[in-house]
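Side-chain atoms are counted along with the backbone in the values below, which use heavy atoms only and exclude waters and symmetry mates. Numbered from 1 within each chain, the chains take letters A, B, ... in sequence-line order.
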Amino acid sequence: MSELRVRFAPSPTGYLHVGGARTALFNWLLAKNKGGTFILRIEDTDVERSTKESVDAILEGMKWLGLEWDEGPFYQSDSFPLYKEYVQKLLDAGKAYKCYCTSEELDAKRTIAMEEGRKPKYDGTCRERVDQPAGQPYVVRFRAPKGGVTAFDDLIKGTITFPNEELDDLIIQRTDGTPTYNFCVVIDDATMRITTVIRGDDHVNNTPRQIQLYEALGFPVPQFAHVPMILGSDKARLSKRHGATSVIAYRDMGYLPEALMNYLVRLGWSHGDDEIFSREEMIQKFDIGNVGRSASVFNTEKLNWLNAHYIKNGDPERLAALLLPHLSKRRVTTRNGPDLMSVVRTLQERAQTLEEMAERAVFYYNPPTSYDDAALAKFDKELLLAVFAAVTEKLSSSPATDTAEIDGLFKEICSEKGWKMGQVGQPIRIALSGGTQAPGIGEIVATLGVEETVRRIQRVREFVAVK
RNA sequence: GUCCCCUUCGUCUAGCCUGGCCCAGGACACCGCCCUUUCACGGCGGCGACACCGGUUCAAAUCCGGUAGGGGACGCCA
């Protein structure tokens, strides 16, 4: 193990969304690539909004993607005494002070500042205050350095410099005594000896404040890497109104974890012209320096393509297992039908998602209860009946069972009767599946079995005969 | 409003640091053709971008300056 230590630190106020998943992925990749340590930390200092359900949902999402962590999960709510200790340290050193301004006063000042076109930062009313009114509620503020600049070399964005004038004295402890985010993050990252902080772009502005805190506390400052956000098709920050954002929702829509991972890793990162990455390849090739600096738009089409790729090349046995919940959702049971693995094999090249595959698999288990009339209408009644009779006879009198043999049988029928394949295949396809979109005839018959095939043809014969 | 960041095909991106091999490459999507018993898969081809304006240079997507547009942050949320 190298000295590299990274962490993913979600706040449990919702499920794991794709943006968070990508941040976690980049952390995980860097750790794996460098032989470092990946830590999971739950930032639940906001007691009001944090829930156990969210924690579970986040862990579930990470496990599904296979983003296993080496240490944790640690909960910030377990470290309150630790934060308090450091707040006191800062207070004792004169690097923090008590502020007695009320939220209402602050809000009012902020509003006025905004209206006057000034930056709405704290005006420092209590910064030099010497009296300490007993019994008065107060917050603790960090005494930020005045003048000069705070800069850092972001691994993704390059050097970023902030004039200290822009930073105000941030609150590190609330009236109720609980610590605030920017403070906890610094204490945790420092005490967990995090060497590289990889997080969302929206934290760039917090970074200089945090650096000042590291310095005031005498901690070494870690390296930072801010990954750009993921946008919706309208270029606005990705949110529910753009569709699904939850990782688990993608699982439920029939996406494979390796497909989502592959999609996410290519969103903002690239390795030459490569598109397909196995876990091993992405680990081996990942380089945080190759992550792009600009935001990227989430594109479901490309995810679909990747998912189709992984379904096409996936192990039928595994896919069959993953397909089960999507089938039961449709009240399909596979007990008395063809082997699910064989079914999967006939559908692998035709499905972009497991949902789609399940939809296409239904007919194997539930015989059609109606037929595509428009498709049927393209053939004469006499031809239809002749085809059904010929196929029934041919199948019943032949021992053929595999796809190639059965296809051969259909070719025989065509040459014997002078029919074109389209005249025979399509009616049979309708007979067996009810519609026109299905695997090859040979595949269906081989999978369904001759007996069931003949039974279904008999049924459609009756249907056509009375028309 | 202030500060910070970003800007190559519709989308994801390569190239940019170390100017010329780029009248810009790949992928998704789209369109066409081929394959074909349907739907797909696959194969081949097409469409399509250096935000804009100046400067430096023999030469700029690449370096410099400005403009415009977009995003983010500005909370006793994280």
Side-chain angles (χ1 to χ4, degrees), chain A residues 9-13 43-46 48-50 76 99 101-103 106-107 110 113-121 137-141 154 157-158 160-163 165-168 170-176 178-182 184-185 200-208 226 228-229 231 233 235-237 263 266-276 290 292-306 308 312 347-352 360 372 375 407 410-411 414 419-430 433 435-442:
Chain A
S11 59
T13 53
E43 312 226 310
D44 57 350
T45 51
D46 183 357
E48 299 285 300
R49 299 200 300 151
S50 301
Q76 290 192 320
C99 168
C101 300
T102 65
S103 322
L106 262 18
D107 284 346
R110 223 181 333 264
M114 283 280 218
E115 278 167 2
E116 293 177 352
R118 302 196 322 272
K119 193 167 178 100
K121 55 178 202 173
Y138 65 86
V139 299
V140 177
R141 281 184 188 273
D154 192 276
K157 305 210 175 229
I160 300 179
T161 307
F162 287 84
E165 291 309 315
E166 294 302 321
L167 282 11
D168 60 0
L170 84 160
I171 293 171
I172 58 178
Q173 186 179 91
R174 305 184 181 96
T175 309
D176 65 3
T178 58
T180 58
Y181 169 76
N182 277 111
C184 299
V185 173
D201 212 332
D202 46 343
H203 286 291
V204 169
N205 295 276
N206 289 327
T207 307
H226 288 97
M229 305 193 318
L231 274 25
S233 47
K235 306 248 179 171
R237 189 189 201 128
Y263 179 69
R266 276 287 288 106
L267 203 54
W269 175 80
S270 60
H271 183 272
D273 287 337
D274 299 351
E275 293 290 349
I276 304 295
N290 283 134
R293 290 160 298 281
S294 54
S296 25
V297 174
F298 193 89
N299 180 222
T300 309
E301 252 82 51
K302 188 145 187 182
L303 206 211
N304 285 344
W305 173 73
L306 247 4
K312 206 186 313 161
L347 263 17
Q348 277 182 280
E349 292 202 335
R350 300 163 218 274
Q352 289 198 312
R360 285 168 171 262
D372 185 333
D407 277 332
F410 277 84
K411 288 208 178 75
C414 285
W419 291 329
K420 286 184 179 160
M421 199 48 165
Q423 296 175 288
V424 181
Q426 201 64 334
I428 296 299
R429 178 171 292 107
I430 297 166
S433 73
T436 58
Q437 300 184 14
I441 290 298

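How far OG1 of A:Thr175 is from OH of A:Tyr138: 9.5 Å, rounded to the nearest 0.5 Å. From A:Gln352, atom CD reaches atom OG1 of A:Thr300 across 11.0 Å, with rounding to the nearest 0.5 Å.
Across all strands shown, B:A29 has no partner, as no Watson-Crick or G-U wobble contact with both distances under 3.5 Å is found. Within the shown strands, nothing qualifies as a pairing partner of B:G48 under the Watson-Crick or G-U definition with both distances less than 3.5 Å. Pair check for B:U2 finds B:A73; Watson-Crick or G-U wobble, both atom distances under 3.5 Å. B:A61 makes up no base pair with any nucleotide shown, lacking Watson-Crick or G-U wobble contacts both under 3.5 Å. When both distances must be under 3.5 Å, the Watson-Crick or G-U wobble mate of B:G19 does not exist. Checking B:U7 for Watson-Crick or G-U wobble geometry (two distances, each under 3.5 Å) identifies B:A68 as its partner. Base pairing annotation: B:U37 forms no Watson-Crick or G-U wobble pair, as no partner gives both donor-acceptor distances under 3.5 Å.
Candidate nucleotides B:C12, B:U2, B:A27 were compared by shortest atom distance to the side chain of A:Glu166, and B:U2 ranks first. Closest to the side chain of A:Phe162, out of B:C4, B:U13, B:U37, is B:C4. Proximity note for A:Ser11 (side chain, C-beta onward) versus B:U37, B:A78, B:G25: the nearest is B:A78. Checked against B:C12, B:U38, B:C76, the side chain of A:Arg429 finds its nearest nucleotide in B:U38. Closest contact between the side chain of A:Pro120 and the listed nucleotides B:U37, B:C12, B:G1 involves B:G1. When the nucleotides B:A78, B:A14, B:C76 are ranked by their closest atom to the side chain of A:Gln76, B:A78 comes out on top. Each of B:A29, B:C12, B:C76 was ranked by its minimum atom distance to the side chain of A:Glu301; first place goes to B:A29. If you check B:U13, B:U11, B:C76 against the side chain of A:Val297, the one that comes closest is B:U11. The listed nucleotides are B:C4, B:U38, B:A27; the one nearest the side chain of A:Gln426 is B:U38. Nearest nucleotide to the side chain of A:Gln437, out of B:C39, B:A29, B:A14: B:C39.
Along RNA chain B, the nucleotide nearest to A:His271 and the one nearest to A:Asp46 differ in position, and the one closer to the 5' end is contacted by A:His271. RNA chain B is contacted by both A:Asn205 and A:Asp274; A:Asp274 maps to the nucleotide lying nearer its 5′ end (nearest heavy atom per residue).
When rounded to the nearest whole Å, the span between CH2 of A:Trp269 and C1' of B:U13 equals 12 Å. Straight-line distance from the CH2 atom of A:Trp305 to the C1' atom of B:U13: 13 Å, rounded to whole Å. Per the geometry, CD1 belonging to A:Ile430 stands 16 Å off P belonging to B:U37, to the nearest Å. The NZ-P distance, from A:Lys302 to B:G26, rounds to 13 Å in whole Å. In this structure, the CD atom of A:Glu165 is 13 Å from the C1' atom of B:U2, given to the nearest Å. Here B:C28 presents its C1' atom at 9 Å from CG of A:Leu306, a figure rounded to the nearest Å.
Applying the 3.5 Å distance criterion, the base of B:G26 shares a donor-acceptor pair with the side chain of A:Glu275. Between the base of B:C77 and the side chain of A:Arg49 there is a donor-acceptor pair shorter than 3.5 Å. Residue side chain A:Asp202 does not reach the base of B:G72 through any donor-acceptor N/O pair under 3.5 Å, judged by distance alone.
Distances shorter than 4.0 Å separate none of the side-chain N or O atoms of A:Arg293 from OP1 or OP2 on B:U13. Distances shorter than 4.0 Å separate none of the side-chain N or O atoms of A:Lys121 from OP1 or OP2 on B:C3. Contact annotation: A:Lys235 reaches the phosphate of B:U11 (side-chain N/O to OP1 or OP2, under 4.0 Å). Residue A:Arg237 places none of its side-chain N or O atoms closer than 4.0 Å to OP1 or OP2 of B:G71. Note on A:Thr45: a side-chain N or O is less than 4.0 Å away from OP1 or OP2 of B:A78. Considering only side-chain N and O atoms, A:Ser270 lies under 4.0 angstrom from the phosphate OP1 or OP2 of B:A14. Under 4.0 angstrom from either OP1 or OP2 of B:U13 there lies at least one side-chain N or O belonging to A:Ser296. For B:C76, the OP1/OP2 oxygens have a side-chain nitrogen or oxygen of A:Arg110 closer than 4.0 Å.
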Chi angles and distances behind the side-chain hydrogen bond (donor to acceptor under 3.5 Å, both in side chains) call for A:Arg174, A:Thr178: CA-CA 5 Å; A:Arg174 305 184 181 96; A:Thr178 58; 2.8 Å; yes
Criterion side-chain hydrogen bond (donor to acceptor under 3.5 Å, both in side chains) on A:Thr180 and A:Asn182, from CA distance to verdict: CA-CA 6 Å; A:Thr180 58; A:Asn182 277 111; over 6 Å; no
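Between A:Arg237 and A:Asp202, at least one side-chain nitrogen of the basic residue sits less than 4.0 Å from a carboxylate oxygen of the acidic one, meeting the salt-bridge criterion. Taking the charged nitrogens against the carboxylate oxygens, A:Lys157 and A:Asp201 do have a contact shorter than 4.0 Å, which makes a salt bridge.
Across all strands shown, A:Ser294 has heavy atoms under 4.0 Å from sugar-phosphate atoms exclusively, and none from any base. At the heavy-atom level, A:Gly435 lies nowhere under 4.0 Å from the strands shown. Using a 4.0 Å heavy-atom cutoff across all strands shown, A:Val139 reaches at least one base atom of the nucleic acid. Looking at heavy-atom distances under 4.0 Å, A:His203 makes contact with a base. Within the nucleic acid shown, A:Thr13 has no heavy atom closer than 4.0 Å to any nucleic acid atom.
Going from the C1' atom of B:C22 to that of B:C16 covers 12 Å, rounded to whole Å. The gap from the P atom of B:A29 to that of B:A40 amounts to 12 Å, rounded to the nearest Å. A gap of 22 Å separates the C1' atoms of B:G72 and B:U8, to the nearest Å. Comparing the C1' positions of B:G25 and B:G70 gives a spacing of 27 Å, expressed to the nearest Å. Comparing the P positions of B:C28 and B:G54 gives a spacing of 38 Å, expressed to the nearest Å. Of the C1' atoms belonging to B:C5 and B:C9, the separation is 24 Å, rounded to the nearest Å. With both ends at atom C1', the span from B:C33 to B:A14 equals 29 Å, rounded to whole Å. B:U7 and B:C17 have their P atoms separated by 15 Å, given to the nearest Å.
Syn is the classification of B:C41, since its glycosidic angle stays within 90° of 0.
Residues A:Ile172 and A:Arg141 have side chains not in contact (no heavy-atom distance under 4.5 Å, counting atoms from C-beta outward).
Here the closest non-hydrogen pair linking A:Val424 and A:Cys414 is CG2-SG, 3.8 Å. Among all heavy-atom pairs drawn from A:Phe298 and A:Leu303, the shortest one is CZ-CD1, 4.2 Å. When every heavy atom of A:Leu306 is checked against every heavy atom of A:Glu275, the shortest pair comes out as CD1-O, 4.4 Å.
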